[in-house]
Amino acid sequence: MTPDVTLVSNQRCFGGWQRVYEHRSAVLGCTMRFGVYLPPQAATQACPVLYWLSGLTCTEQNFITKAGSQMYAARYGLIVIAPDTSPRGCNLPGEEDSWDLGTGAGFYVNATQSPWASHYRMYDYVVSELPALVATHFPIAAGRQGILGHSMGGHGALVIGLRNPDQFRSISAFAPIVAPTQVPWGRKAFAAYLGDQEADWLAYDACHLVRHTTERRPLLVDQGDKDGFLGQQLRPELLEQACSEVGYPLTLRLQMGYDHSYYFIASFLGDHMAHHAAMLGMS
């Protein structure tokens, strides 16, 4: 491994390796960490890669320790990349003032407003810098990438997947913020990161994007009906309506009794991994 990527931890898991690396990000101007699961198949062949985007307050650790993804990744031969959710240690004014803005709350956008614009460019990090780094250091099967995420990360997965259909062949989400321009979490973050011109926000709104894309990557979305954020912040019915209006392929499953936690994610992650494996040619 070249000096620009440093191994932080390395554990054997389901015949493969769960690792964490850190590197200096030129896009974000700080040191970032990301998780990598290398399935057993990666020892002898190039494998498709699946990017997981986590939600508010999370780091790369939440997914790799709680979701149980390694078993499915080993079964299907998928490399799984789990980046952090935002820049850290940038010492920007206000970055530690609230849990839903700043540290742990990058919202997968490219900020245009001071003081955020100099560091908070998670969209470019996930779309460009991190995939280039991954392709350099790991046995990636070219042209076979998928993306999924949870909550804020579900928003990020939908937006990034919809805006980059040639790069991401499969898309899914758990309890995503589907219409951030219309809900409190998104409006707070977008006003801070992107400014007061709400037309600029639409580039990061999945409901807007499905209405304006000619590509049709099928979406799989799971949502718990006991999720405390369902009615005010998540609003999956808005995505269902938008997809219905333009005939965009959406499978939206309302799961009875489930909340917003990783217990919910772990319960249905196998279905999502199978969805991605099929779309990436590994089922």
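For clarity, every value in this text was computed on a predicted model and none was experimentally measured. Because only heavy atoms are used, hydrogens play no part in the values below, and waters and symmetry mates are left out as well, while side chains stay in.
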Kindly indicate whether the side chain of [X], heavy atoms from C-beta on, has any atom under 4.5 Å from the side chain of [Y].
X      : Y      : answer
Pro131 : Tyr51  : yes
Leu133 : His23  : yes
Phe168 : Arg217 : no
Ile64  : Val20  : yes
Ile177 : Arg235 : no
Thr59  : Arg33  : no

Without swapping roles, check the side chain of [X] against the backbone of [Y] for a donor-acceptor pair under 3.5 Å.
X      : Y      : value
Glu129 : Ala26  : yes
Asp227 : Gly224 : no
Arg216 : Thr213 : yes
Tyr193 : Gly102 : yes
Tyr120 : Leu28  : no
Arg169 : Met279 : yes
Ser267 : Tyr263 : yes
Glu95  : Leu92  : yes
Ser86  : Gly104 : yes
Gln167 : Val127 : yes

Can you tell me how far [atom2] of [Y] sits from [atom1] of [X], rounded to the nearest 0.5 angstrom?
X      : Y      : atom1 : atom2 : answer
Glu22  : Thr31  : CD    : OG1   : 6.0 Å
Ile171 : Ile160 : CD1   : CD1   : 10.5 Å
Gln70  : Leu78  : CD    : CG    : 12.5 Å
Cys13  : Met71  : SG    : CE    : 10.0 Å
Leu239 : Leu219 : CG    : CG    : 6.5 Å
Ser170 : Gln145 : OG    : CD    : 9.5 Å

Are Arg163 and Tyr123 in a cation-pi setup, meaning NZ or CZ lies under 6.0 angstrom from the ring centre and within 45 degrees of the ring axis?
-> yes
Full working for ring pair (Phe, Tyr, Trp, His ring centres under 6.0 Å) between Phe34 and Tyr125 | CA-CA 12 Å; Phe34 61 95; Tyr125 179 72; 7.9 Å; no
Taking all atoms of both residues into account, what is the closest heavy-atom pair of [X] and [Y], and its distance?
X      : Y      : answer
Leu101 : Ala192 : CD1-CB, 3.8 Å
Leu162 : Pro165 : O-CD, 3.5 Å
Gly77  : Cys47  : O-CB, 3.3 Å
Ala67  : Ile265 : CB-CG2, 4.3 Å
Met256 : Leu254 : CE-O, 3.3 Å
His260 : Ser151 : NE2-OG, 2.9 Å

Can you hop from [X] to [Y] via hydrophobic side chains spaced under 4.5 Å?
X      : Y      : value
Leu194 : Leu56  : yes
Leu209 : Val183 : yes
Leu238 : Leu234 : yes
Val178 : Leu202 : no

Criterion side chain to side chain donor-acceptor pair (under 3.5 Å) on Gln241 and Glu245, from CA distance to verdict = CA-CA 6 Å; Gln241 178 183 348; Glu245 289 175 3; 3.2 Å; yes
Before giving the answer on side chain to side chain donor-acceptor pair (under 3.5 Å), spell out for Asp205 and Thr181 the whole-Å C-alpha distance, their side-chain angles and the decisive distance to 0.1 Å.
-> CA-CA 7 Å; Asp205 187 297; Thr181 62; 2.6 Å; yes
Apply side-chain contact (heavy atoms from CB on, under 4.5 Å) to Leu148 and Leu53, showing your working.
-> CA-CA 6 Å; Leu148 75 164; Leu53 305 183; over 6 Å; no
Evaluate side-chain contact (heavy atoms from CB on, under 4.5 Å) for Val80 paired with Met273, printing each intermediate quantity in order.
-> CA-CA 10 Å; Val80 181; Met273 298 292 277; 4.1 Å; yes
Ring pair (Phe, Tyr, Trp, His ring centres under 6.0 Å) with Trp185: of Phe107, Phe190, Phe229, only one passes, and it is Phe229
Only one of Trp52, Tyr37, Phe174 passes ring pair (Phe, Tyr, Trp, His ring centres under 6.0 Å) with Phe63, and that residue is Trp52
Can you list the steps and then say if Arg187 with Glu198 is a salt bridge (Lys or Arg N to Asp or Glu O under 4.0 Å)?
-> CA-CA 9 Å; Arg187 293 186 63 81; Glu198 295 190 19; 2.7 Å; yes
Criterion side chain to side chain contact (heavy atoms under 4.5 Å, CB included) against Val27, the qualifying member of Arg121, Met32, His119, Met122 | Arg121
Are His272 and Ser172 close enough, and set up right, to give a side chain to side chain donor-acceptor pair (under 3.5 Å), and what steps lead you there?
-> CA-CA 7 Å; His272 285 247; Ser172 75; 2.8 Å; yes
Given the rule in the salt bridge (Lys or Arg N to Asp or Glu O under 4.0 Å) test, do Asp100 and Lys188 qualify, once you have shown the distances and angles that lead to the verdict?
-> CA-CA 8 Å; Asp100 56 356; Lys188 176 180 178 178; 2.7 Å; yes
Hey, mind stepping through Leu250 and Glu240 against side-chain contact (heavy atoms from CB on, under 4.5 Å) and telling me if it holds?
-> CA-CA 7 Å; Leu250 167 69; Glu240 187 173 40; 4.3 Å; yes
According to the interplanar angle, ranging from 0 to 90°, do the rings of Phe268 and Tyr258 count as parallel (below 30°), tilted (30 to 60°) or perpendicular (above 60°)?
-> perpendicular
Test Glu60 against Ser54 for side chain to side chain donor-acceptor pair (under 3.5 Å), laying out the working first.
-> CA-CA 7 Å; Glu60 80 288 341; Ser54 291; over 6 Å; no
Where do Ile140 and Ile79 land on the side-chain contact (heavy atoms from CB on, under 4.5 Å) test, with the steps shown first?
-> CA-CA 8 Å; Ile140 301 302; Ile79 294 173; 3.7 Å; yes
Do NZ/NE/NH1/NH2 and the carboxylate oxygens of Arg253 and Asp222 come within less than 4.0 Å?
-> yes
